[in-house]
There are 2 protein chains.
Amino acid sequence: MYHINTIKYLYLPMTNISRKPSLKMALNPDDYMPGISIDCVIFGYSNQQLKILLLKWKHQNLWTLPGGFIRKDEDMKDAANRVLEERTGLKSVFLNQFHTFGDIERSLQNGKEQLKRMEFIRQSKLHNDEVIGWLNNRFITTGYFALVDLHKTKPEPDALSDTCEWKSLTDMPDLMMDHKQIVEKALTHLRIQLNYLPIGLSLLPAKFTFLDLQKLYEAILQKPLERSNFQRKVLKLGILRRHEKQMTGAANKAPYLYSFDKKKFKKLIEEGIGFSY
Amino acid sequence: MYHINTIKYLYLPMTNISRKPSLKMALNPDDYMPGISIDCVIFGYSNQQLKILLLKWKHQNLWTLPGGFIRKDEDMKDAANRVLEERTGLKSVFLNQFHTFGDIERSLQNGKEQLKRMEFIRQSKLHNDEVIGWLNNRFITTGYFALVDLHKTKPEPDALSDTCEWKSLTDMPDLMMDHKQIVEKALTHLRIQLNYLPIGLSLLPAKFTFLDLQKLYEAILQKPLERSNFQRKVLKLGILRRHEKQMTGAANKAPYLYSFDKKKFKKLIEEGIGFSY
DNA sequence: ATTTTATTGTATTAATATGATACAATAGAA
DNA sequence: TTCTATTGTATCATATTAATACAATAAAAT
């Protein structure tokens with residue numbers, strides 16, 4: 001029992017695969033890898049809160065992560081980038097695979113709601129019986145997590161959803177299937193990454209104050225950090241550039257604005273220097 | 001375009017799936033998830049060298065990682081455990097998923113050798129045309145890495161392999177497809193894990209000297225460690241139990257034997273304490 | 001029997017990092 | 001002009017790490 005993969009696939013590249021299907025176009029199962037899906041946990045940050053982009057199903061109060069399938073002619077990471085772009089309009093952002101979820105019963109949660117959903121799809125004639133059968137198979141899903149500047153995104157619901165919204169982590173609605181566990185795992189990875197990557201680069205606007213950065217870290221770690229020590233530690237990394245002061249209008253000393261020095265940032269990562277809070 | 005997974009699967013559990021197929025039994029594609037495979041990077045340690053369990057294809061000098069497919073009625077992690085048990089005879093060892101490899105061209109390497117291979121399979125009549133067609137599809141593979149006490153294993157080649165052998169990391173043969181990259185990634189993860197888990201527990205025999213432990217860490221990290229500081233750091237974790245001295249026969253002070261105190265070890269992990277070298 | 005040798009277990013010291021606190025500078029309100 | 005809250009930075013005690021030293025010791029060499 002052995003897997004000698006993809007040789008036919010390699011030497012007989014497929015034809016007749018429509019290149020860029022519109023979102024509303026009927027899903028053609030022949031174009032996609034069966035049994036595998038992609039789910040994206042897209043993190044954003046605003047109002048001092050860490051947020052995740054979620055979709056709400058039509059006529060149901062069940063939310064899901066932005067997801068999709070892998071075209072037979074695309075790399076899995078390209079599929080993840082495509083999903084991300086379809087929902088946010090953003091290209092080439094920080095996007096990392098973190099785990100593949102392969103339990104049989106991963107779709108048990110909210111099973112009744114999902115049955116209702118399938119009935120809705122059947123009645124809506126959005127998909128034919130073949131597609132519905134394909135969707136009904138067991139899927140293993142690979143989770144990717146992305147960090148984006150929330151204000152640069154244009155959330156777009158997909159064909160089966162009412163809304164595509166940023167939801168605060170501290171106020172998460174009911175999620176489909178095992179999506180809650182997927183979010184948990186993504187968070188764990190984000191927290192670990194925090195020790196190795198100055199993550200603010202992706203989540204904050206170009207210029208920010210030290211307090212902004214600290215609040216972001218506190219939102220991710222869910223614990224308060226000591227201000228002056230945080231400042232000292234980050235400054236010592238030498239990856240911040242200081243700009244003009246930001247007059248806040250408040251009756252106190254105005255903070256400086258900072259931005260990331262991407263060159264030094266890159267160098268730091270190459271050296272594999274981690275730092276923890 | 002959305003994935004409402006596995007509802008039919010959930011509510012209509014499959015029947016007629018043979019429970020434990022013998023290794024030599026013809027592969028029935030209907031029993032397995034299409035397009036997804038499992039590959040295991042199984043680490044062992046002997047003669048002060050980190051080793052990996054590899055299989056060599058019959059009549060060809062091409063080596064592969066132990067791998068397999070996911071039965072439609074089993075969790076992905078169970079599939080990985082099954083593969084591990086089939087090749088080593090070991091159950092319930094340290095086994096962790098680390099990455100899923102989904103590039104289209106992941107099988108490009110050694111393509112010619114693999115074509116020869118498919119021809120051999122065809123001629124051997126080991127599989128019928130349906131199975132060969134199934135194997136020829138593109139596969140996405142999820143990598144698991146395992147840590148085992150090499151001396152407790154009974155390596156078993158599979159139906160398509162001559163030998164199943166421990167190969168030193170410093171002396172790796174040519175590997176099929178992208179298996180070299182898979183090994184690299186597993187190593188990276190092992191090295192990161194080293195900062196969070198006292199990994200010796202899985203790779204060393206029950207009792208060992210401090211030098212044994214240090215050499216293991218040096219083999220994994222590929223860099224020398226300072227003896228006395230290594231000793232101090234590990235001792236401070238409080239997870240080692242000291243036993244009798246081991247008379248080495250050499251003309252010098254005999255080292256103590258140590259073993260891991262699994263209770264304290266567990267406690268340490270729960271507290272999430274990491275340590276680095 | 002004594003000396004020698006290589007290795008082990010532990011101590012010591014200097015350098016560095018961290019946690020807690022202090023304090024001067026300052027933008028704007030009082 | 002004084003007051004207030006926040007910012008940037010300094011200070012000091014404590015903890016951690018790296019480098020080195022050294023006594024203990026098993027067995028070979030003398």
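Quick note: numbers below take in every heavy atom, side chains included, and nothing from hydrogens, waters or symmetry partners. Each chain gets a letter, A, B and so on, in the order its sequence line appears, and its residues count up from 1.
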**Student:** Round to the nearest Å and state the distance from A:Phe230 atom CZ to C:dG19 atom P.
**Tutor:** 13 Å
**Student:** May I have the distance from A:Gln214 (atom CD) to D:dG8 (atom C1'), rounded to whole angstrom?
**Tutor:** 13 Å
**Student:** In terms of ring plane angle, is the pair A:His189 and A:Phe98 parallel, tilted or perpendicular, where the classes change at 30° and 60°?
**Tutor:** tilted
**Student:** What is the distance, rounded to the nearest whole Å, between atom CD of B:Gln246 and atom P of C:dA6?
**Tutor:** 20 Å
**Student:** Taking CG from B:Leu211 and P from C:dA6, how many angstroms apart are they, rounded to a whole number?
**Tutor:** 16 Å
**Student:** Picking from C:dT18, C:dT8, D:dT17, which would you name as closest to the side chain of A:Lys236?
**Tutor:** C:dT18
**Student:** Could you tell me the separation between the CD atom of A:Glu244 and the C1' atom of D:dG8, rounded to a whole number of Å?
**Tutor:** 17 Å
**Student:** Run A:His243 and A:Ser259 through side-chain hydrogen bond (donor to acceptor under 3.5 Å, both in side chains) and show every step you take.
**Tutor:** CA-CA 8 Å; A:His243 300 279; A:Ser259 68; 2.6 Å; yes
**Student:** Would you mind building the protein contact string for nucleotides 20-30 of chain C? One character per nucleotide, 5' to 3', B for base within reach (heavy atoms under 4.0 Å), S for sugar-phosphate only, - for untouched.
**Tutor:** BB---BBBBS-
**Student:** Would you kindly give the CG-to-P distance between B:Leu237 and D:dT16, to the nearest whole Å?
**Tutor:** 12 Å
**Student:** Hey, mind stepping through A:Lys77 and B:Asp103 against salt bridge (charged side-chain N to carboxylate O under 4.0 Å, His left out) and telling me if it holds?
**Tutor:** CA-CA 8 Å; A:Lys77 63 172 176 296; B:Asp103 282 2; 3.0 Å; yes
**Student:** Using atom CD of A:Gln231 as one end and atom P of D:dT7 as the other, report the distance to the nearest whole Å.
**Tutor:** 8 Å
**Student:** Taking only side-chain nitrogens and oxygens of B:Lys233, does any of them come within less than 4.0 Å of OP1 or OP2 of D:dT16?
**Tutor:** no
**Student:** Quick one: B:Asn195 CG to D:dT17 P, roughly how many Å, whole number?
**Tutor:** 11 Å
**Student:** Measuring centre to centre across the rings, with the benzene-like ring taken for any Trp, is B:Phe208 within less than 6.0 Å of B:Phe260?
**Tutor:** yes
**Student:** A quick test of your reading: do over 12 heavy atoms of other residues, nucleotides or ligands sit less than 6.0 Å from NZ of B:Lys185?
**Tutor:** no
**Student:** Look up atom CD in A:Glu218 and atom CG in A:Leu213, then write down how far apart they are to the nearest 0.5 Å.
**Tutor:** 10.0 Å
